[in-house]
Amino acid sequence: MAKPAFTALVAEDEALLRQALIEALGEAWPQLRIVAQCEDGAEALEALAEHRPDVAFLDIRMPGLTGVDVAGAAADVSPQTRIVFVTAYDQYAIDAFEHGAIDYLLKPVTPERLAVTVQRLQQQSGTAADSEAIAELSQRLGTQRSKPEAPALTWITASAGRETRLILVDDVIYFRADNKYTTVVTADGEAVLRKPIRELLEVLDASLFKQIHRSTIVNLKAIASIVRDDSGKGTVRLRQRSETLSVSQPFMALFRAM
């Protein structure tokens, strides 16, 4: 019986870079089957749980969930998946995953370096990512990010009928994706923000706002409790709203890591 082809997930928020990596993988590893192409960390996490690929190529810097966040949840949602980070970070960060089951590719990815990674993956198939190395990398990158490139969003303007509201971000309980727009929910009601949820993730304070579903971002201060059901999914109960929010099964792994 022929050995099944290796499967892979590629997550990169820049479309041209994502396509270039996929094409380079096609040249370096023709037998590799790409089962998912993702443009952000949330999509990558859900694809990881759905497809359980042999390897995941994760861009470290993506809106919302980073590649490190996704890798940290891999032990719960797809423990057999090996992680390859695609990064523009310098050697200081790379030192954190020079060992164990984790590999990395520096941007721009060269055919020579990609060939080394492919050889490592083929020789060490079936070995899950090193959780200690991921935790170390997360800590180092957290130190690097302690000086943000730009201040987090503090105010937003959103529409409620004919009224335009100025809303303090700290007062937001959660954001809900609504096609190309986003519904902003506070204790006082709802309004519509003319910005997709993916763009919001780039400007919100990541220490306070967490994605719990591809379409939902919640303010951690607004959570009263989280309840897990038998299927592994979760339900968030809020302090100032009567409705509950669903946490998709892959995202529950992120709460366990907090």
Side-chain angles (χ1 to χ4, degrees), residues 6-14 17-18 21-22 25 32 34-107 109 113-114 116-118 120-121 124-145 201 206-207 210-214 232 247-258:
F6 277 78
T7 57
L9 172 157
V10 175
E12 162 65 65
D13 63 318
E14 295 187 36
L17 293 179
R18 184 170 65 249
L21 178 56
I22 290 170
L25 284 167
L32 185 68
I34 307 296
V35 294
Q37 303 178 33
C38 309
E39 64 178 6
D40 58 45
E43 187 178 348
L45 182 57
E46 294 193 339
L48 194 68
E50 178 183 355
H51 298 286
R52 300 179 182 272
D54 296 302
V55 57
F57 294 87
L58 304 174
D59 182 20
I60 283 185
R61 300 192 70 173
M62 292 186 288
L65 300 180
T66 67
V68 179
D69 294 331
V70 176
D76 289 298
V77 301
S78 184
Q80 80 285 357
T81 300
R82 284 178 50 78
I83 303 298
V84 177
F85 287 118
V86 185
T87 176
Y89 280 102
D90 60 18
Q91 189 64 39
Y92 172 75
I94 291 170
D95 285 343
F97 47 90
E98 280 282 19
H99 62 86
I102 306 170
D103 197 3
Y104 68 92
L105 293 167
L106 275 178
K107 298 179 184 180
V109 178
R113 183 62 181 82
L114 183 58
V116 172
T117 291
V118 168
R120 289 178 178 173
L121 291 169
Q124 302 176 15
S125 62
T127 305
D130 185 331
S131 59
E132 290 185 3
I134 291 173
E136 183 182 351
L137 175 61
S138 179
Q139 183 177 15
R140 290 189 182 216
L141 295 185
T143 300
Q144 288 188 337
R145 287 194 295 246
L201 286 166
S207 67
K210 297 295 182 183
Q211 196 163 12
I212 58 172
H213 188 279
R214 285 184 65 179
V247 185
S248 58
Q249 186 270 334
F251 286 83
M252 285 300 293
L254 299 175
F255 281 96
R256 286 196 293 276
M258 288 175 59

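Here, residue 1 is the first one in the sequence, and each next residue gets the next number.
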**Interatomic spacing from CD in Gln249 to NE2 in His213 - rounded to 0.5 Å** = 12.0 Å
**Asked** Hey, does the side chain of Asp54 reach the backbone of Thr7 with a donor-acceptor pair shorter than 3.5 angstrom?
**Response** yes
**Message:** Checking Leu121 against Asp103 for the side-chain contact (heavy atoms from CB on, under 4.5 Å) test, could you report, in this order, the C-alpha distance in whole Å, the side-chain angles of both residues, the deciding distance, and whether it holds?
**Reply:** CA-CA 9 Å; Leu121 291 169; Asp103 197 3; 5.8 Å; no
**Item:** Pi-cation contact, Phe251 with Arg214 (under 6.0 Å, within 45°)
**Value:** no
**Request:** Measure the CG-CD1 distance between Leu48 and Ile83 for me, rounded to the nearest 0.5 Å.
**Result:** 6.5 Å
**Prompt:** For Leu201 and Pro63, which heavy atoms make the closest approach, and how far apart are they?
**Reply:** CB-C, 4.1 Å
**Message:** Nearest 0.5 angstrom please: Thr87 OG1 to Leu105 CG, how far?
**Reply:** 10.0 Å
**Asked** Looking at Ala8 and Phe57, what are the two nearest heavy atoms and their distance?
**Response** CB-CE1, 4.1 Å
**Fill in**
The reported gap from CD in Glu14 to CE in Met62 (rounded to nearest 0.5 angstrom) is 12.0 Å
**Asked** What heavy-atom pair brings Pro250 and Ala49 nearest, and what distance separates the two atoms?
**Response** CG-CB, 3.5 Å
**Prompt:** How far apart are the C-alpha atoms of Tyr104 and Arg113, what are their side-chain angles, what is the distance that settles it, and do they pass the side-chain contact (heavy atoms from CB on, under 4.5 Å) test?
**Reply:** CA-CA 9 Å; Tyr104 68 92; Arg113 183 62 181 82; 3.9 Å; yes
**Fill in**
CG (Asp59) and CZ (Arg18) are apart, to the nearest 0.5 Å, by 10.5 Å
**Request:** Would you please name every residue forming a side-chain contact (heavy atoms from CB on, under 4.5 Å) with Glu50, sequence neighbours left out?
**Result:** none
**Asked** Does the distance from a Lys or Arg side-chain N to an Asp or Glu carboxylate O, for Lys107 and Glu12, drop under 4.0 Å?
**Response** yes
**Request:** Please report the closest heavy-atom contact between His51 and Ala36, naming both atoms and the distance.
**Result:** CD2-CB, 4.0 Å
**Message:** Is there a side-chain contact between Asp40 and Asp13 in this structure, where contact means two heavy atoms from C-beta onward sitting under 4.5 Å apart?
**Reply:** no
**Item:** Value rounded to 0.5 Å, distance of CG in Leu254 from CG in Asp69
**Value:** 6.5 Å
**Item:** Sole candidate of Leu58, Ile34, Thr81 that passes side-chain contact (heavy atoms from CB on, under 4.5 Å) when paired with Leu9
**Value:** Leu58
**Request:** Verify, without hydrogens or angle tests, whether Arg52 (side chain) and Val77 (backbone) share a donor-acceptor contact under 3.5 angstrom.
**Result:** yes
